[in-house]
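When reading the values below, keep in mind they use all heavy atoms of this one structure, side chains included, and skip hydrogens, waters and symmetry mates. Protein chains get the first letters and strands the later ones, always in sequence-line order, with residue 1 at the start of each.
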Protein chains: 4
Amino acid sequence: MMQRALDAADKAERRNAILAAARQLFLQDPHKLPSAAQIAEAAGLAKGTVYLYFRTKEEIFVGLLAADFRSLFETVAEIFHNPPAELPALLAHFLEHYLRYLDQHPEFLRLDAMAYSVLEQNLSDEQLRAFKLELTQLLVASGAAIDRALALPEGRGSTLLMRTYALTRGLWQSLDQPRCIAAMLDDPIFAPLRPDFRSELAAALREYWLGALSIAAQG
Amino acid sequence: MMQRALDAADKAERRNAILAAARQLFLQDPHKLPSAAQIAEAAGLAKGTVYLYFRTKEEIFVGLLAADFRSLFETVAEIFHNPPAELPALLAHFLEHYLRYLDQHPEFLRLDAMAYSVLEQNLSDEQLRAFKLELTQLLVASGAAIDRALALPEGRGSTLLMRTYALTRGLWQSLDQPRCIAAMLDDPIFAPLRPDFRSELAAALREYWLGALSIAAQG
Amino acid sequence: MMQRALDAADKAERRNAILAAARQLFLQDPHKLPSAAQIAEAAGLAKGTVYLYFRTKEEIFVGLLAADFRSLFETVAEIFHNPPAELPALLAHFLEHYLRYLDQHPEFLRLDAMAYSVLEQNLSDEQLRAFKLELTQLLVASGAAIDRALALPEGRGSTLLMRTYALTRGLWQSLDQPRCIAAMLDDPIFAPLRPDFRSELAAALREYWLGALSIAAQG
Amino acid sequence: MMQRALDAADKAERRNAILAAARQLFLQDPHKLPSAAQIAEAAGLAKGTVYLYFRTKEEIFVGLLAADFRSLFETVAEIFHNPPAELPALLAHFLEHYLRYLDQHPEFLRLDAMAYSVLEQNLSDEQLRAFKLELTQLLVASGAAIDRALALPEGRGSTLLMRTYALTRGLWQSLDQPRCIAAMLDDPIFAPLRPDFRSELAAALREYWLGALSIAAQG
DNA sequence: TATGAATGAGTTTTCATTCAT
DNA sequence: AATGAATGAAAACTCATTCAT
């Protein structure tokens, strides 16, 4: 029997172990959530134990995604804490840290791409609302940091962020190729799918921010 | 017993009946694919018959999605056939027809949002490749129309299109709220999720195209 | 693969095969319902096939019990079709056939003894109501046959029957001994549990009918 | 942590607290035994603690049922301690106290109705035998009180009692309606299920005792 | 071609019980 | 004695797909 998690710290650790196991398994096959049994085994726990920490399998998934969103928005707020004054430098600064975040959380966009089909699956309305509410609050808080940093009208920052993330997620879903395609990408007929996600995203975001800020400047 | 489809026209018609049934059922609950039995029943066919026209359930899904992409790209090519000369008018023209297309194909973005989790699920490599290849070719063709219309360097149009679609899909996934959230959207804490998709998308695309074309102008 | 049940008769037969398998398994361990998997295996079918014929496991159980009640009430109606005129002969006639019925349906009282804990388990209200309603109608019909045969006031027969069955079921539950008790029944301390069910039931019913009919005679 | 039960009195008290919690929970949903966790919580104890006082969950159930049988037989012995001399008065006297006992122990017949499916479930042979033996001895003792009171041949009283209880339990199981039926009982098609248990039981027992004692008188 | 009966792999979740603390 | 974290067996049910008719 696994050593017991007696105090709150132990329990948080165990909860995290389950999340970590789920994340790792998910990365191995990022088009479907691992089964509860697989997660338990990977975490070195019995199946029932998983259900002491999460009420349903989907709660694990949402827990994972929420944690990623939390650290993403934290990263964003940090990015805009002491930003460069000039626009090109600012953009470069943002992209550098934003892309690094995505690199360091390879499960993030993959999980996010499954959220649409999973969120309403087996979560209580209450859980779903709590998740969406947290996301909203994180968005607003990071948006406010951007407003301050760039002296934008209130609410503009969260709009920029939402559109930035929309572009990110949308490009990911176009460019993340299933294994069998990835293998053929050298074929010239697939050229338009070829650009690697990082540079494509950087280029697209540059275009978007340029347009968005020049409109702001005009307006 | 349903009348037999003997010639090619009959068969295509039956195939379309299956797709239509699947589309309609999917729209009723757009977070999961309808079951094969439901589709068969809605199409007025027996379960086994569905499998004479599609090898797997996912093939139906991909068939639906491919049809939507085909007509989307067709629409895009038409949009740029005789475009207004001035940029603001061009953008307004594009947005008008693009948004109308999305309005008229309510299943499209919903299906697309599920593609990530379904595509690798139960499709042969061959089917997957065929789908992606068709998409790529459609993108290239429509992109070329844009290149011609706007006198852009070759390939620029398809890049613009891909990013446009990325923004579209990404915003959809942020703003399409599950039922239980939709009901609470009046609550001010959910304000940032409130903007309706159409106007948000129009604003975001304006910003993006403005930036993209001004860069193009510079470069 | 099992031969297919194509017409209604085949299907009824298959349904009965499932019921028969369930009955047989239940008799082997009459204190719990066999699992769906066990029933399927015993019937020579796949698990899923069972669910083509019954929506839930409990529906099998109720189907079995309803069939037994149906034939019980049929038997009762026959008993009173041409009954002896004299009371002692009538009673002897009734008991002979009633006890024979119970002998020939060893699962009946055992199933019935589990009904209380199972009926509300996993049946829709609708199914439950249908079951109870059928029972009621059977009771009324058989009761009417008794009314006619014994020239009793309307409704008296069904009351007699209900009380007769109450005595039957109640005695069964007292006298049907678990295996480990049955083995020790020779021990004189268990003497009061010893009487065999058949003779005890016969004696008890004689007493009851005597009292019931003498009251009727007075009233 | 709950205060420790060190002496025998404390322990008995704790044991009773568990039984009381189980009884209360069972009454809230009398078609299945409450879970061990629920019982523990309702008793204000930890799950593990329950198992210091009862080896299995079923032992709690049997403990509850045994306590009820004990007080039932006690009540019966009291009833016949100074009974009225005349039969009608005697019967009225018996019924009054017997029915009052049932009223005051609403869990009793409900528990009893589940005994058949639970008794062999998870009890050791030894526990089962102890339970049955106690029941037998209580029956014999109360039966002897009846023999004395009514000057019946030895053993006759316990037979009367057993049959009385059989009728009681059997009628209960016919007339205690699941919620969804209870709601529809006004419908005339359910008329035969309508009589309330108390009056139906009184009438049935009057008939039975009349018959039983008149046979005794003859014999 | 069309049918729909049969298949059976696959997964979540519950809960009685144990035992380390 | 008391706790409650951990265990893992158990079971119902779904549904994509096949194939005999």
Side-chain angles (χ1 to χ4, degrees), chain A residues 1-7 10-11 14 33-40 44-58 122, chain B residues 1-6 10-11 14 33-41 45-58 60 121-122, chain C residues 1-7 10-11 14 33-41 44-58 122, chain D residues 1-6 10-11 14 33-41 44-58 60 121-122:
Chain A
M1 197 187 291
M2 174 85 348
Q3 188 185 310
R4 293 174 179 214
L6 293 174
D7 60 26
D10 285 348
K11 285 196 206 172
R14 183 128 310 167
L33 291 188
S35 76
Q38 285 176 303
I39 295 173
L45 296 170
K47 234 179 318 174
T49 309
V50 170
Y51 286 87
L52 296 178
Y53 293 89
F54 296 91
R55 266 169 302 181
T56 65
K57 201 184 65 159
E58 283 74 19
N122 201 6
Chain B
M1 194 186 294
M2 175 90 344
Q3 189 184 309
R4 294 189 173 208
L6 293 173
D10 285 347
K11 286 196 199 173
R14 187 136 309 171
L33 291 188
S35 74
Q38 284 176 301
I39 295 173
E41 193 194 345
L45 297 169
K47 240 184 313 177
T49 309
V50 169
Y51 285 86
L52 297 176
Y53 293 88
F54 295 91
R55 264 169 302 181
T56 67
K57 199 181 68 158
E58 284 72 20
I60 303 177
Q121 200 71 22
N122 204 2
Chain C
M1 196 187 290
M2 174 84 348
Q3 187 186 312
R4 293 175 179 213
L6 293 174
D7 60 25
D10 284 348
K11 286 198 207 171
R14 184 128 311 166
L33 291 188
S35 76
Q38 286 176 302
I39 295 173
E41 194 195 343
L45 296 169
K47 230 182 321 171
T49 309
V50 169
Y51 286 89
L52 295 178
Y53 293 89
F54 296 92
R55 267 170 301 183
T56 66
K57 201 184 64 160
E58 284 73 19
N122 202 5
Chain D
M1 192 185 297
M2 175 93 338
Q3 189 184 309
R4 294 188 173 210
L6 294 172
D10 284 348
K11 288 196 197 173
R14 187 134 309 169
L33 291 188
S35 75
Q38 284 175 303
I39 295 173
E41 194 195 343
L45 297 169
K47 241 184 312 176
T49 310
V50 168
Y51 285 86
L52 297 176
Y53 294 88
F54 295 91
R55 266 170 298 182
T56 67
K57 198 181 69 158
E58 284 72 19
I60 303 177
Q121 200 70 20
N122 203 3

At 4.0 Å (heavy atoms only), tell me whether [X] reaches a base, stays on the sugar-phosphate, or touches nothing.
X: A/Leu6; result: sugar-phosphate
X: C/Arg55; result: nothing
X: D/Phe54; result: nothing

Candidates [options] - which lies nearest the side chain of [X]:
X: D/Leu52; options: F/dA2, F/dT7, E/dA6; result: F/dA2
X: A/Tyr53; options: F/dC13, E/dA6, F/dA6; result: F/dA6
X: C/Met2; options: F/dT7, E/dA6, F/dA16; result: E/dA6
X: A/Tyr51; options: E/dT14, F/dA6, E/dA16; result: E/dT14

To the nearest 0.5 Å, tell me how far [X] [atom1] sits from [Y] [atom2].
X: D/Lys47; Y: D/Glu41; atom1: NZ; atom2: CD; value: 11.0 Å
X: D/Arg4; Y: D/Thr49; atom1: CZ; atom2: OG1; value: 9.5 Å
X: D/Leu52; Y: D/Lys11; atom1: CG; atom2: NZ; value: 9.5 Å

According to a strict under-4.0 Å criterion, is [X] in side-chain N/O contact with OP1 or OP2 of [N]?
X: B/Arg14; N: E/dA2; value: yes
X: B/Thr49; N: E/dT3; value: yes
X: C/Lys57; N: F/dA12; value: yes
X: C/Asn122; N: F/dC13; value: yes
X: C/Lys47; N: E/dT7; value: no

Using whole Å, report how far [atom1] of [X] lies from [atom2] of [N].
X: A/Ile39; N: E/dT13; atom1: CD1; atom2: P; value: 11 Å
X: D/Asp10; N: F/dA1; atom1: CG; atom2: C1'; value: 11 Å
X: C/Glu41; N: F/dA12; atom1: CD; atom2: C1'; value: 16 Å
X: C/Leu33; N: F/dA10; atom1: CG; atom2: P; value: 17 Å

Nearest heavy-atom neighbours spanning A/Leu6 and A/Asp10: N-OD2, 3.5 Å
5'-most by nearest nucleotide on DNA chain F - A/Gly44 or C/Ala36: A/Gly44
Which residue lies more 5' along DNA chain F, comparing A/Gln3 with D/Arg4 via nearest heavy atoms: D/Arg4
Side-chain heavy atoms of B/Leu33 within contact of B/Ile60, under 4.5 Å: no
Contact check, side chains of D/Arg14 and D/Leu45, non-hydrogen atoms, under 4.5 Å: yes
Contact nearer the 5' end of DNA chain E, comparing B/Val50 with D/Ala37: B/Val50
Base paired to E/dA9 (Watson-Crick or G-U; both N/O distances under 3.5 angstrom): F/dT14
Pair assignment for E/dT17, Watson-Crick or G-U wobble, requiring both distances under 3.5 Å: F/dA6
